[in-house]
Structure formats: C-alpha cells, structure tokens
Amino acid sequence: MIDKIATSVADALSGVQDGATLLIGGFGTAGIPGELIDGLIEQGAKNLTVVNNNAGNGDTGLAALLAAGRVRKIICSFPRQADSHVFDALYRSGKIELELVPQGNLAERLRAAGAGVGAFFTPTGFGTELAKNADGSAKETRRIGGRDHVLEYPIHGDVALVKAERGDRWGNLTYRMAARNFGPVMATAAKFTVATVHEIVELGQLDPEAIVTPGIFVSKVVRIARVATQAGGFKNAA
C-alpha cells in the first residue's frame with residue numbers, strides 16, 4: 001500500500017544531507033513552507049545550496065535558515081527587499097554566495113529539470129552581466145529568429161520543500177491561490193519532495209482535474225495546523 005504520510009516534520013526531513021541542493025517554494029511570504037524550514041534548522045543539515053525566489057524576509061523562515069549559518073549559496077531572482085537584512089549582512093561580509101537569476105529564467109530552469117530538458121536558449125539576460133558564468137566567462141549564445149539568446153541549464157534539486165493546501169496518502173496535491181507559485185515546478189525538479197498540507201483527504205476526494213502536483217513527484221506529506229497569516233509571516237493560530 002502506498003502511504004506517503006510522514007508522522008512528523010522531523011521524520012520527513014531525516015534524509016536531508018549536508019551539501020544538498022534545496023528547492024524551497026514560496027514567493028515572498030506566500031507559500032513559504034515555514035514548518036519545514038524550521039524543521040530543517042533543527043535537523044542540522046549544513047553547507048546547503050538553496051533555490052528560492054527570494055533570499056528571506058525578516059528573521060523567520062528562510063531568513064532564519066540563513067542566520068543559522070546553514071546555507072553556502074543561494075540561487076534566486078529577488079534577493080533584496082526592505083526586510084532582507086539577514087541576507088544583506090551575510091552577503092556583504094562574504095559569508096554567502098549568490099547566483100542571481102531572472103525570475104522567468106528561474107521558473108524555466110526548474111521546469112526544464114522536471115521535464116528532462118538538457119538546456120534551453122532564452123533572450124532574457126543577453127548583453128548583461130547575467131550572460132556570464134560564475135567564473136566570469138561568457139555563456140554560450142545563439143541568434144534565433146533574428147534575436148540573440150543565452151544558453152541556460154536546468155536547476156536540479158536533491159530535495160524540494162513545498163507548501164500545499166490538501167493532499168492524500170499517494171502524495172497528490174492541490175494548492176491555495178498564489179501560495180502555489182514555485183511549488184509545482186520545484187516538486188518535479190527534485191529527487192525527493194516533501195510537502196506540508198493543511199488537510200489530508202481520502203483517496204478519490206481530490207478532483208483529478210484539480211490536482212496540480214501528481215503524487216509521483218511527491219515523497220512525503222506532512223499535515224500542519226492552519227495558521228492565519230499577514231504580510232511579514234505567521235501571526236496567530238486559527
């Protein structure tokens with residue numbers, strides 16, 4: 001019998017290794033799997049590469065993981081905002097590496113990993129510093145349809161941490177509105193995907209037409225309490 005329901009966050013994250021590449025869903029504070037990030041801090045994995053749209057907000061969630069000194073490198077499209085003081089301090093002191101990726105390229109590099117695409121050309125970034133590799137060398141370019149493009153490669157993850165709304169024991173997931181964001185593509189791009197849900201339902205209760213992430217892409221599902229939120233993070237238990 002297939003049953004992907006984990007007994008706890010700690011159980012679901014027990015296999016995360018030092019040096020792993022983590023794909024963490026979320027867009028700002030929307031859809032951030034805060035309970036999984038907190039569990040990862042307790043779990044102790046270090047020297048991590050984190051892929052997220054942002055580089056942490058305030059002092060909770062991803063920012064707390066950075067502050068704990070567990071992250072070696074972050075790959076994101078929007079590292080700085082009004083409350084990104086944790087990342088700012090680490091970056092300015094040379095304690096964390098940054099790979100800046102345009103948001104559309106970030107989503108497509110993740111999607112390409114899940115779809116088995118070896119590489120792709122995109123016009124985004126051509127003629128800018130983003131058309132260079134980390135060592136300063138130029139990325140491969142090609143003129144297609146009269147427009148210059150840059151070659152980009154997929155982003156594969158060892159582990160994806162995503163926040164969903166409902167799930168079943170097979171790992172099928174649905175999401176809540178904008179909290180969906182990067183979750184679906186990250187789930188397909190990782191070797192091992194852990195999802196939190198607010199509700200676990202019986203098989204057949206999820207409308208197949210509404211399932212966004214099929215269970216084949218999910219390794220563990222953890223039920224968490226529903227928490228009322230506001231801009232800036234968690235507030236009060238509902």
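What you see below is based on every heavy atom in this structure, not just the backbone, and it leaves out hydrogens, waters and symmetry mates. These numbers come from a predicted model, not from an experiment. Numbering of residues begins at 1 and proceeds along the displayed sequence.
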| field | Among Val9, Leu22, Ile41, the one residue meeting side-chain contact (heavy atoms from CB on, under 4.5 Å) with Leu36 | value |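 It is Val9, the one option of Val9, Leu22, Ile41 that forms the side-chain contact (heavy atoms from CB on, under 4.5 Å) with Leu36.
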
| query | Quick one: which of Ile37, Val159, Val162 gives a side-chain contact (heavy atoms from CB on, under 4.5 Å) with Ile24? | reply |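 Between Ile24 and the candidates, side-chain contact (heavy atoms from CB on, under 4.5 Å) is satisfied uniquely by Ile37.
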
Salt bridge (charged side-chain N to carboxylate O under 4.0 Å, His left out) contacts in which one or both residues fall within [range], not counting sequence neighbours:
range	answer
residues 49-63	none
residues 6-18	Asp18-Lys46
residues 84-97	Arg72-Glu97, Arg80-Asp88

| CD1 of Ile155 to OG1 of Thr21: how many Å apart, nearest 0.5 Å? | 9.5 Å

| field | Listed partners of Arg169 passing salt bridge (Lys or Arg N to Asp or Glu O under 4.0 Å), at least two apart | value |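 With sequence neighbours excluded, Arg169 shows a salt bridge (Lys or Arg N to Asp or Glu O under 4.0 Å) to no residue whatsoever.
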
| said: Could you tell me if Thr141 and Asp148 have a donor-acceptor pair between their side chains, going purely by distance under 3.5 Å? | reply: no

| request: State, without any angle test, whether Gln205 and Asp168 hold a side-chain donor-acceptor pair at a distance under 3.5 Å. | output: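 The answer is no; no qualifying pair exists.
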
Side-chain donor-acceptor pairs of residues 209-222 under 3.5 Å, sequence neighbours excluded:
| from | atom 1 | to | atom 2 | distance (Å) |
| --- | --- | --- | --- | --- |
| Thr213 | OG1 | Tyr175 | OH | 2.7 |
| Ser219 | OG | Thr193 | N | 3.1 |

| task | Establish whether Leu98 and Phe78 are linked, either directly or via other cluster members, by ILVMFWY side-chain heavy-atom contacts under 4.5 Å. | result | no

| query | Is any side-chain N of the basic residue among Glu152 and Lys139 closer than 4.0 Å to the acidic one's carboxylate O? | reply | yes

Name each donor-acceptor pair under 3.5 Å that joins a side chain in residues 118-129 to protein atoms two or more places apart or in another chain, with its distance.
| from | atom 1 | to | atom 2 | distance (Å) |
| --- | --- | --- | --- | --- |
| Thr122 | OG1 | Thr124 | N | 3.2 |
| Thr128 | OG1 | Gly125 | O | 2.7 |
| Thr128 | OG1 | Leu130 | N | 3.1 |
| Glu129 | OE1 | Lys132 | NZ | 3.4 |
| Glu129 | OE2 | Lys132 | NZ | 3.4 |

